[in-house]
Amino acid sequence: MEAIVHTVGTKVWIKEEKEAWIKGEVYKAEEEVVLVRTEGTGAEVKCKPEDAPLQNPHNNRGVDDMTRLSYLHEPAVLWNLNTRYAYDDIYTYTGTILIAINPFTSLPHLYGEHMMDQYRGVDIGEYAPHVYAIADAAYRQMRKEMKGQSILVSGESGAGKTETSKLIMKYLAYMGGYSDAGEQTGSGRSVEEQVLESNPLLEAFGNAKTTRNNNSSRFGKYVEINFNDKGVISGAAIRTYLLERSRVVAVNNPERNYHIFYQVRGFKQVEAKYPALLFKQQLDAFVQKIFPMIRDNVRREITPMLNHCIHTPKASGRTATRPAGNAPAAAAGAAGAQAATHKSWTDILAVFDTLLATVKLNFVPKVLVQADYEREEIDWSYIEFVDNQDVLDLIEGKLGVLDLLDEVCRFVDAKGKDFAEKLYNSGSCKDSRRFSKPKTSMTQFIVDHYAGPVKYETANFIDKNKDFVVPEHAALLGGSDQAFVAALFTESGAAAEAAAAAAPGRRGGAAKGVKFSSVGSQFKKQLAELMVQLHAMEPHYIRCIKPNESGKNDSILLPVPGGTDSTLLSTW
Ligand SMILES: Nc1ncnc2c1ncn2[C@@H]1O[C@H](COP(=O)(O)OP(=O)(O)OP(=O)(O)O)[C@@H](O)[C@H]1O
Ligand SMILES: [Mg+2]
């Protein structure tokens, strides 16, 4: 890094508690210390020169690409994004990476066919930064190099990943409908429609209102769109990851269950901005337009099941193994509901597999991004990339947090505190500088993530990690007089699951008759598979940012929590 030369009159940034960074001017400079007068309040601050990063030359609207900033550091990045956001310029590049700041309001002028046409075939950087430009780059690179491309959309809950990926899908679908001669072929249209129309249905079954996002995706999604050698869409497939099943039977106020339950009951309080399509409409569209092979009676059969789920909102399905008497029956129902809903949902999704793919969500491998910087010949060595490997090792490594959770879950009566104790005593956790135990708690643990320490409460870990269908519930539902419900539990998969579950002799005192399967281990497996696929493709990155917690467009961009280092720079 070049030495920063501070002299009297140098414009700098000063870290301040509330505003994160404020502007100031050096009024006295010595070798080891500078004295700065801040703008506005005129406060005088004494600090080391390295704690007073230089301001960039004045610029009213910020820059399109942050690699063009003379000084690239945290306050410069925040200032640039903030300035642009004030003008609704929500997209900004850092090299070939797109940063998308959630506008929390509709910006119709940014999207639509006229804009897609504008970005078609245009190099990144030629026009204002845009999600279409990234989609177009991926599409053109695929055609030129005949190599699979992936677009990774990352960001915290409510940052805009789902909306962004829908825009990408729309763009690719639109481009996939063009012939080489540049005419709309029409041949890709029906697949395009199918892919796009699947979204409301997927969101109905997989999205729910949480404290962070009214339409939060409670599952991971991998969308694959295939093109033929003429660049026309030939198929698509959607793979889903880890639906949060526990939400079906346990929802904490003010969060809600999956949208579908409210829609099927005709609830009207669905948020205005979420299309309040009733289940009937969605299923009609699904059945008539998308997959004619779905039987007409599905809707009739699935509706009471969904109704049943919403009527048994909070019950621990695992406490009852025999449906006798009222209370256990309700619990069994809820457990069944959890199993049945997931099953029916995945069943419906399975139909999507007849189509084919290339958009991936929620995952950014940092190593590849650094490679991207290298390719762009950006000197990123001065950017402090925080290496996450030790956090990953702690969480998913051998005898890491997930492994230990699985071990504890094998004991029938294990509680959160047992899990916490296991962590406190394990060598792999104790030895990790990323792990610590809060002084006053016996149920919590702390992981020191890149953006700062996060305290985890272990109370719900055990329940949320267990993922099995109690055989009695499977048997009960398999005997349902609703053919659809019965089929879900008598298929080979369900039957095998139940049979395996009934196998005795599990180690560690596991509940007899229950097949142990953990969410954590599935997560690890799926992530490993995804990594293999990602490495085979050329990656493109979009980093979504949630600008504030209020969800309003007029708020300023808040500093990154805990971001005393170049957190923004180090997270993609
Ligand atoms: N480009 C955009 N234009 C307008 N509104 C947007 C845009 N991106 C996001 N939003 C708004 O922000 C909300 C949250 O975005 P979204 O559901 O995509 O977040 P997410 O990153 O998928 O979150 P989660 O991880 O919880 O699923 C949307 O419902 C929408 O209101
Ligand atoms: Mg989402």
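In listed order, ligands and their atoms are each counted from 1. These numbers were taken from a predicted model, which means no experiment stands behind them.
- Every atom of ligand 1 with a heavy atom of Ser216 under 4.0 Å away is listed here by number and element: 24 (P), 26 (O), 27 (O).
- The closest approach between a heavy atom of Cys544 and any atom of ligand 1 is not below 4.0 Å.
- The two atoms that bring Tyr119 and Ala133 nearest to each other are CD2-CB, 3.7 Å, heavy atoms only.
- Of the candidates Gly220, Gly160, Ser154, Gly160 brings a heavy atom nearest to atom 15 (O) of ligand 1.
- Considering backbone and side-chain N/O atoms, Glu163 comes within less than 3.5 Å of an N/O atom of ligand 1.
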So Glu156 and Lys161, salt bridge (charged side-chain N to carboxylate O under 4.0 Å, His left out) or not? Walk me through it.
CA-CA 8 Å; Glu156 65 177 301; Lys161 299 180 292 296; over 6 Å; no
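- Residue contacts with ligand 1 include Gly158, since one or more of its heavy atoms lies under 4.0 Å from the ligand.
- Residues Arg140 and Asp123 are paired through a salt bridge, judged by an N-O separation under 4.0 Å between the basic side chain and the carboxylate.
- Checking only distances, Pro103 never comes within under 3.5 Å of ligand 1, N or O to N or O.
- Only side-chain heavy atoms of Tyr111 come within less than 4.0 Å of ligand 1; its backbone N, CA, C and O stay farther off.
- Rounding to 10°, one obtains 90° for the angle at the Mg ion (ligand 2) between OG (Ser217) and OG1 (Thr162).
- Taking all atoms of both residues into account, the shortest heavy-atom contact from Ile545 to Pro547 is O-CD, 3.5 Å.
- Across all non-hydrogen atoms, the minimal contact from Tyr171 to Arg120 is OH-CA, 3.2 Å.
- Contact annotation: for Thr162 versus ligand 1, heavy atoms closer than 4.0 Å belong to both the backbone and the side chain.
- Of all the heavy atoms of Thr105, the ones lying under 4.0 Å from any atom of ligand 1 belong exclusively to the backbone.
- Near Asn215, the atoms of ligand 1 lying under 4.0 angstrom from a non-hydrogen atom of the residue are 17 (O).
- A donor-acceptor pair is defined here as one N or O able to donate and one able to accept, closer than 3.5 Å; no such pair exists between the side chain of Asn214 and the backbone of Lys209.
- Looking at Tyr91 next to ligand 1, no N or O pair under 3.5 Å apart turns up.
- Scanning all heavy atoms of the two residues, the minimum distance from Asn465 to Gly520 falls at OD1-N, 2.8 Å.
- Under a 4.0 Å heavy-atom criterion, Leu107 is not in contact with ligand 1.
- The shortest N/O to N/O separation between Ser106 and ligand 1 does not fall below 3.5 Å.
- At under 3.5 Å, not a single nitrogen or oxygen of Ile90, backbone or side chain, sits near a nitrogen or oxygen of ligand 1.
- The side-chain heavy atoms of Thr94 and Val77, taken from C-beta on, include no pair separated by under 4.5 Å.
- Remark: the Glu203 side chain and the Ser217 side chain contain no N/O donor-acceptor pair separated by less than 3.5 Å.
- Contacts between Glu156 and ligand 1 below 4.0 angstrom, taking non-hydrogen atoms only, involve the backbone exclusively.
- Between the side chains of Asp64 and Tyr93, no donor N or O sits under 3.5 Å from an acceptor N or O.
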